[in-house]
Amino acid sequence: MRTVEESTRELIQSIQNTEEYQRYQKLWVIVEADAELRGKLNAFRRRVYQAQTSDETLDYYSEQTRLGMDAAELRKNELIDEYLKVELHICRMIQKTAFELADAIDLDLDAVLE
């Protein structure tokens, strides 16, 4: 009988073997080599993350507008555009996997979430 740990390692390997992940790794090497480009990309990603997770009262419309404008400017760089597309695809793949796993494991959390 396979253990959860073995299955987890197989899942990780499966994700790492995808075409998207391989492309992501190649793009990251290129981005990593350009400090200015890496700095711009990481600053943008940090702002997106903060906007999505902040408990502070924000003007979401204004922030989304600013992020959209910044994204459009960043995405003029074909490397950044492709990097962000591949990164999003991988994040969605992981998210879908996590949701499917959580749905399949019935922990009876409905009463807790009310």
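Every side chain to side chain contact (heavy atoms under 4.5 Å, CB included) that K85 has, sequence neighbours left out, goes to R75, D81. Annotation: side chain to side chain donor-acceptor pair (under 3.5 Å) contacts of Q22 (sequence neighbours excluded): none. Under the side chain to side chain contact (heavy atoms under 4.5 Å, CB included) criterion, E36 pairs with D34, K40, sequence neighbours left out. The side chain to side chain donor-acceptor pair (under 3.5 Å) test applied to D70 returns R47, not counting sequence neighbours. Under the salt bridge (Lys or Arg N to Asp or Glu O under 4.0 Å) criterion, E78 pairs with no residue, sequence neighbours left out. For E19, the salt bridge (Lys or Arg N to Asp or Glu O under 4.0 Å) criterion is met by no residue, not counting sequence neighbours. For the salt bridge (Lys or Arg N to Asp or Glu O under 4.0 Å) test, residues two or more places apart in sequence or in another chain that qualify with R38 are E32. Shown here are the salt bridge (Lys or Arg N to Asp or Glu O under 4.0 Å) partners of E20, two or more places apart in sequence or in another chain: there are none. Partners of D103 according to the side chain to side chain donor-acceptor pair (under 3.5 Å) rule, which considers only residues two or more places apart in sequence or in another chain, do not exist here. Checked against ring pair (Phe, Tyr, Trp, His ring centres under 6.0 Å), F44 has no partners two or more places apart in sequence or in another chain. Partners of S62 by side chain to side chain donor-acceptor pair (under 3.5 Å), not counting sequence neighbours, listed by chain and number: D59.
Between Y21 atom OH and M93 atom CE the span is 10.0 Å, to the nearest 0.5 Å. Note: N17 CG to I12 CD1 = 12.0 Å, rounded to the nearest 0.5 Å. Interatomic distance, NZ of K26 versus CD of E82, reported as 10.5 Å (0.5 Å rounding). For the atom pair CG (L37) and OH (Y83), the distance works out to 10.5 Å, reported to the nearest 0.5 Å. Atom CD1 of I90 sits about 11.5 Å away from atom CZ of R23, to the nearest 0.5 Å. The structure places CD1 of I80 at 12.0 Å from CD of E73, a figure rounded to the nearest 0.5 Å.
Annotation for R66: atom CZ counts as buried by contact number, over 12 foreign heavy atoms lying within 6.0 Å.
Contact check for E5 versus R9: side-chain heavy atoms found under the 4.5 Å cut-off. Counting heavy atoms from C-beta outward, R45 and Y49 have side chains that stay 4.5 Å or more apart. Counting heavy atoms from C-beta on, the side chains of T8 and T3 never come closer than 4.5 Å.
Through direct or indirect side-chain contacts shorter than 4.5 Å among Ile, Leu, Val, Met, Phe, Trp and Tyr, V4 is connected to no other residue.
Of the possible donor and acceptor atoms, none in the side chain of E100 sits under 3.5 Å from a partner among the backbone N and O of T97.
Residues L41 and L88 do not share a hydrophobic cluster, clusters being chains of Ile/Leu/Val/Met/Phe/Trp/Tyr side chains in contact below 4.5 Å.
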